[in-house]
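Below you'll find the structure, written out as structure tokens, and then a few comments.
The chains referred to below are lettered A, B, ... by the order of the sequence lines, with proteins before strands, and numbering in each begins at 1.
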2 protein chains.
Amino acid sequence: MKSQGTEPRRTLTLRDVSEASGVSEMTVSRVLRNRGDVSGTTRARVLEAARTLGYVPNKIAGALASQRVNLVGVIIPSLSNMVFPEVMTGISEVLDNTDLQPVVGVTNYSPAREEAVLYEMLSWRPSGVILAGLEHTAAARAMLAQAGIPIVEIMDIDGQPIDNAVGISHRRAGRQMAEAIVASGYRKIAFLGTQMPDDYRARKRLDGFEEALKRAGLALVDREFYSGGSALLKGREMTHALLARNPDVDFLYYSNDMIGAGGLLYCLDKGIDVPGKVGLAGFNGVELLDGLPRKLATMDACRLEIGRRAAQIIAGHNAAPDIGSEVVELFPTLQPGDTIRHF
Amino acid sequence: MKSQGTEPRRTLTLRDVSEASGVSEMTVSRVLRNRGDVSGTTRARVLEAARTLGYVPNKIAGALASQRVNLVGVIIPSLSNMVFPEVMTGISEVLDNTDLQPVVGVTNYSPAREEAVLYEMLSWRPSGVILAGLEHTAAARAMLAQAGIPIVEIMDIDGQPIDNAVGISHRRAGRQMAEAIVASGYRKIAFLGTQMPDDYRARKRLDGFEEALKRAGLALVDREFYSGGSALLKGREMTHALLARNPDVDFLYYSNDMIGAGGLLYCLDKGIDVPGKVGLAGFNGVELLDGLPRKLATMDACRLEIGRRAAQIIAGHNAAPDIGSEVVELFPTLQPGDTIRHF
DNA sequence: GCAGCTGCTGTTAGCGGTAACATAGCTGTT
DNA sequence: AACAGCTATGTTACCGCTAACAGCAGCTGC
């Protein structure tokens, strides 16, 4: 803090270490970065001096001089819904084996905020950017395209990526789920989800879902949206409202597992026969579901793997700058759980 | 990306904007930072040029020249347990009204990793650091003390802070919960929690809890620990194991709400009378609980407020550097819910 | 008419490192 | 002995921006 024990002490520089160890600043720099040949004795003396002084290198100066920044910007909509932390885990896992470091920015599903966060990040000249989704403001797209660094758009591949992309087809995922539901004999199907002006992926799932229903000669019986609040509680409330409105509904498709879990708990509370009278399904494959009394049908979104692959792309470009762009499609698997009836 | 439309284009600098708009680099710099007087016409010309070129300032150079970095390092143990995202929300909420920006680092409850993350962060010379807990490696403490920037240790105040601290007394929280439980007539009390070599706060809660039991002439009947995996599921499993071992236990105190929720679901599944035969309590006050069939007793940890106050301290020091250190103690409230019986 | 503003713009000298090149001392070779 | 070929270290010139100060109009006031 401010006025520590000894003196007013300004912050240390290479020069301080250089003077303390009797070699040039350059040599100190080399030792501290393990770059170039330095004799064992000198290295030891320098390290000793740096340690006792408590020198912490100034990466700002280093980055400016070397034109190299070991940071990777990661821009995600939210931290509080279990899905992005897992993506982060995948990213960290891979970057931990490189000299790159993730830096997180959060947009709260606001495109304007995404643009602002991106601008801020690019102004630190990172080695790459990973960001969620394919939909961005025009300005954001322009910045990304101009940045001259590898960009990976994650989660979604239904659209035109700027550079690289890693994700799943949410449209297809929605379709698959609808097909499975219809195949199990459910006919009166309803949707419950987030209000999604800016959750494009939830919208794409719904689009795919409805498309497959249509192809089967069906249509959604009803739909219910929410925003904000405890997802579990909202799931209960929405389920209650929807079933009250449509007592004959036989399947509830939720846009995410959390509200699905709320719905499941509600049905169990009310003694509703699941999956006999009503079937349920969510989306994401969150770990939370493992602890529920019954396993909710879901599709995992390959979150960990998405994080890993995205990081690998950035790391790859960092090691060998002239690789081309790529699009990696992952395929989620349907986990039927205990809430879709089997024949 | 790499080879976009037009030319090989190196990244733009102030000079490019300066040439495009016919004024000096300094004037461009002033316009872009809204610093100093610039005529309206010039300002407009510069902004126009910057916009059409797609110029993004280089904060690395700016920070080096001005010796000012608008970043605040935030170091937390984990993103995946609902508690830290909420702290982050509080921090962002406050910093959004300043020119400061949070940068997150995650330690996974490892002191060595915390030290590494801290070193990395300090090497970017942030304007302040917020980090969880009062326990750090000796080297980390030394770095923090030397950094010459405001430090805020959050979550916990049972110990000696390096500079500022904002948090609650976990020891007291544990004590309070024990007192409430004993007051409700429970006598055969067990603890279920995380294995906590490095979760000092969970340990302090348990310490306080046992201390209060002892004062009431009681002791823990049994205890059960876990690590890793789905907390909800673990809660079920541990509860099962513990109740099998001790059929006469009448209260289960969980180290966090998530495993508590698992325990609650288990008890409801098994038809165990809650809170008649067995009472339950957790810790944290997570939103998730609102959706459960019955409300788990808990104590909120003031997470949002902790984030806010910590950010305010940093912002305050940033505005007026000569403020002294402070310790802010917050007081969690006990939420009895439906899982402690009332007289 | 001129000192003394005020308002706008330019110049200079770094910030703390690192790339690239230069240099000094040693080998081992022929 | 002379020289290439090391290895270990030092020197120089920036990286892109901003603080601090300098300059120069055009006014104001007396």
>> Taking the nucleotide of DNA chain D with the nearest heavy atom to each, does A:Asp37 or B:Leu14 sit closer to the 5' end?
In response: A:Asp37
> Starting at CD of A:Glu25 and ending at C1' of C:dC15, how long is that distance when rounded to a whole Å?
Replying inline: 13 Å
>> Taking side-chain hydrogen bond (donor to acceptor under 3.5 Å, both in side chains) as the definition, give me every residue that meets it alongside B:Ser110, ordered by chain and number, with sequence neighbours left out.
In response: none
>> Show every side chain to side chain donor-acceptor pair (under 3.5 Å) that has at least one partner inside residues 125-139 of chain B, sequence neighbours left out.
In response: B:Glu114-B:His136, B:Glu115-B:Thr137, B:Glu135-B:Lys204, B:His136-B:Glu153
> Who passes side-chain hydrogen bond (donor to acceptor under 3.5 Å, both in side chains) against A:Gln67, sequence neighbours left out?
Replying inline: none
> Would you say a side-chain N or O of B:Thr27 is under 4.0 Å from OP1 or OP2 of C:dG10?
Replying inline: yes
Mind listing the side-chain donor-acceptor pairs of residues 49-60 of chain A below 3.5 Å, one per line with the distance, residues two or more places apart or on another chain?
from	atom 1	to	atom 2	distance (Å)
A:Arg51	NH2	A:Glu48	OE1	3.4
A:Thr52	OG1	A:Glu48	O	3.3
A:Thr52	OG1	A:Ala49	O	3.2
A:Asn58	OD1	A:Ile60	N	2.8
A:Asn58	OD1	A:Ala61	N	3.2
A:Lys59	NZ	B:Glu120	OE1	3.0
A:Lys59	NZ	B:Glu120	OE2	3.4

>> Please enumerate all residues that pass side-chain hydrogen bond (donor to acceptor under 3.5 Å, both in side chains) together with B:Asp158, with sequence neighbours excluded.
In response: B:Ser169
>> By the salt bridge (Lys or Arg N to Asp or Glu O under 4.0 Å) test, which pairs, at least two apart or in different chains, include something from residues 138-152 of chain A?
In response: none
> Under 3.5 Å, is there a donor-acceptor pair between the A:Asn164 and A:Arg309 side chains?
Replying inline: no
>> Reading DNA chain D from 5' to 3', where do the contacts with chain A start and stop? Cut-off is 4.0 Å to heavy atoms.
In response: D:dA8 to D:dG16
> What residues in residues 38-47 of chain B put a non-hydrogen atom under 4.0 Å from any atom of DNA chain C?
Replying inline: B:Val38, B:Ser39, B:Thr42
> According to a strict under-4.0 Å criterion, is A:Tyr55 in side-chain N/O contact with OP1 or OP2 of C:dG17?
Replying inline: yes
Would you tabulate the pairs of protein nitrogen or oxygen atoms and nucleotide nitrogen or oxygen atoms of nucleotides 19-26 of chain C closer than 3.5 angstrom?
from	atom 1	to	atom 2	distance (Å)
C:dA19	OP1	A:Arg68	NH2	2.8
C:dA19	OP2	A:Arg33	NH1	3.1

> Roughly, in whole Å, what's the span from CG in A:Leu64 to C1' in C:dG16?
Replying inline: 9 Å
>> My understanding is that only residues two or more places apart in sequence, or in another chain, count here; which of them pass salt bridge (charged side-chain N to carboxylate O under 4.0 Å, His left out) with A:Arg303?
In response: A:Glu86
> Tell me the side chain to side chain donor-acceptor pair (under 3.5 Å) pairs involving residues 88-106 of chain B, sequence neighbours left out?
Replying inline: B:Glu93-B:Arg308
>> Please enumerate all residues that pass side-chain hydrogen bond (donor to acceptor under 3.5 Å, both in side chains) together with B:Ser78, with sequence neighbours excluded.
In response: B:Ser80
